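Hydrogens, waters and symmetry mates play no part in the numbers below; they use all other heavy atoms, side chains included. Chain A is the first sequence line, chain B the second, and so forth, proteins listed ahead of strands; every chain is numbered from 1. Keep in mind it's a predicted model, so treat the numbers as computed, not measured.
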2 protein chains.
Amino acid sequence: MTTDTMTIREMCDAFEVTPRTLRFYEAKELLSPIREGQKRLFTKRDRARLKLILRGKRFGFSLEEIRQLLDLYHMDDTQVTQLSRTYDLARKHLAEMEAQRAELDQAIAELKAQMEWGAEQIARRQKQAAG
Amino acid sequence: MTTDTMTIREMCDAFEVTPRTLRFYEAKELLSPIREGQKRLFTKRDRARLKLILRGKRFGFSLEEIRQLLDLYHMDDTQVTQLSRTYDLARKHLAEMEAQRAELDQAIAELKAQMEWGAEQIARRQKQAAG
DNA sequence: AGCATAGATGACGTTTACGTAAATGGAACG
DNA sequence: CGTTCCATTTACGTAAACGTCATCTATGCT
């Protein structure tokens, strides 16, 4: 019978965000913590969503894009009626992410090549200095 | 003896950005087109950098971060004196990108799992409707 | 010479994603 | 009971990344 909910401060500590950020996300309907009187209590669902929100941000998605995609990850019974539409959106999102991975792979390869070039230059200069 | 430079409009068409964007990037010292009288002429170097800028944006980097990283990709002789510092920065950048790739892989895997769950639900409902 | 077209240069506006400050409300503690 | 500590609400502020005029200039037709 653990609480299973977290206060705003616990959330902030756990995810390294500010209270303002969490309230802002709630205002934008990305999160929907329950209330105990005045105070917000963040559920497991909120935590799962926040994790996805922060991940999405690191991938360069806007909050609005993220909002539209969040439902993909928690498709529950209430959503099953529109499931095929959601599924379609998910396919597009997946394609985007795989494209991004391909681009990221290329970027990594290019950077590595540049670094090898740089390493050669360093080696050349050291040899020169020693010669 | 091809021109090897592009006008602002050619750049805009090629990269799908607006003139404002290119001027903004110049003001932020991300690009440095040469001048023919008044007019800007974008060189091959500018095009290479713009490509990296847009890529960086898709990965969620800010323009300021991108500015600091751009030199990694065009390390020329003038930079060789500070090459080891640059090299160090490049290593960090590479580590970040590889971390991001790992996260992206996980995100893709999770989304795929969700989609399979969704597909099962659809199948179940179809069976139910037919039964 | 007249005019269209392209680009340049300010300057102000806008959106996103929060930061920050002020006023308020409970709960807890000595 | 006063104070301290959280948290809430409201509201204004801000940095980043451009958009959107308005105005000016240069260039090329005709």
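Residue B:Arg40 places none of its side-chain N or O atoms closer than 4.0 Å to OP1 or OP2 of C:dG7. For D:dG19, one of the phosphate oxygens OP1 or OP2 lies less than 4.0 angstrom from a side-chain nitrogen or oxygen of B:Thr21. For B:Thr7 and C:dA6, the shortest distance from a side-chain N or O to OP1 or OP2 is not below 4.0 Å.
With 3.5 Å as the limit, one finds a donor-acceptor pair spanning the side chains of A:Gln68 and A:Glu64. A donor and an acceptor atom, one from each side chain of A:Glu110 and A:Gln114, are nowhere located under 3.5 Å apart.
Within residues 23-39 of chain B, the residues that have a heavy atom under 4.0 Å from DNA chain D are, in order of number, B:Phe24, B:Tyr25. Residues of residues 53-68 of chain B having a heavy atom closer than 4.0 Å to DNA chain C: none are found.
Between A:Gln106 and B:Arg55, the closest side-chain pair of non-hydrogen atoms falls below 4.5 Å. Residues B:Ile122 and B:Gln126 meet the side-chain proximity criterion, which asks for heavy atoms closer than 4.5 Å. Between A:Asp105 and B:Arg101 there is a side-chain heavy-atom pair separated by less than 4.5 Å.
Distance CZ (B:Arg9) to P (D:dA26): 21 Å, rounded to an integer number of Å.
At least one donor-acceptor pair closer than 3.5 Å links the side chain of B:Asp46 to the backbone N or O of B:Ser32.
Residue B:Ile8 is the one, among B:Ile8 and B:Arg20, whose nearest nucleotide of DNA chain C lies closer to the 5' end (criterion: closest heavy atom).
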Item to check | Evaluation steps, salt bridge (charged side-chain N to carboxylate O under 4.0 Å, His left out), between B:Glu10 and B:Lys39 | outcome: CA-CA 13 Å; B:Glu10 287 167 343; B:Lys39 304 192 174 177; over 6 Å; no

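Among residues at least two apart or in separate chains, ring pair (Phe, Tyr, Trp, His ring centres under 6.0 Å) pairs with a member in residues 31-65 of chain B are B:Phe61-B:His93.
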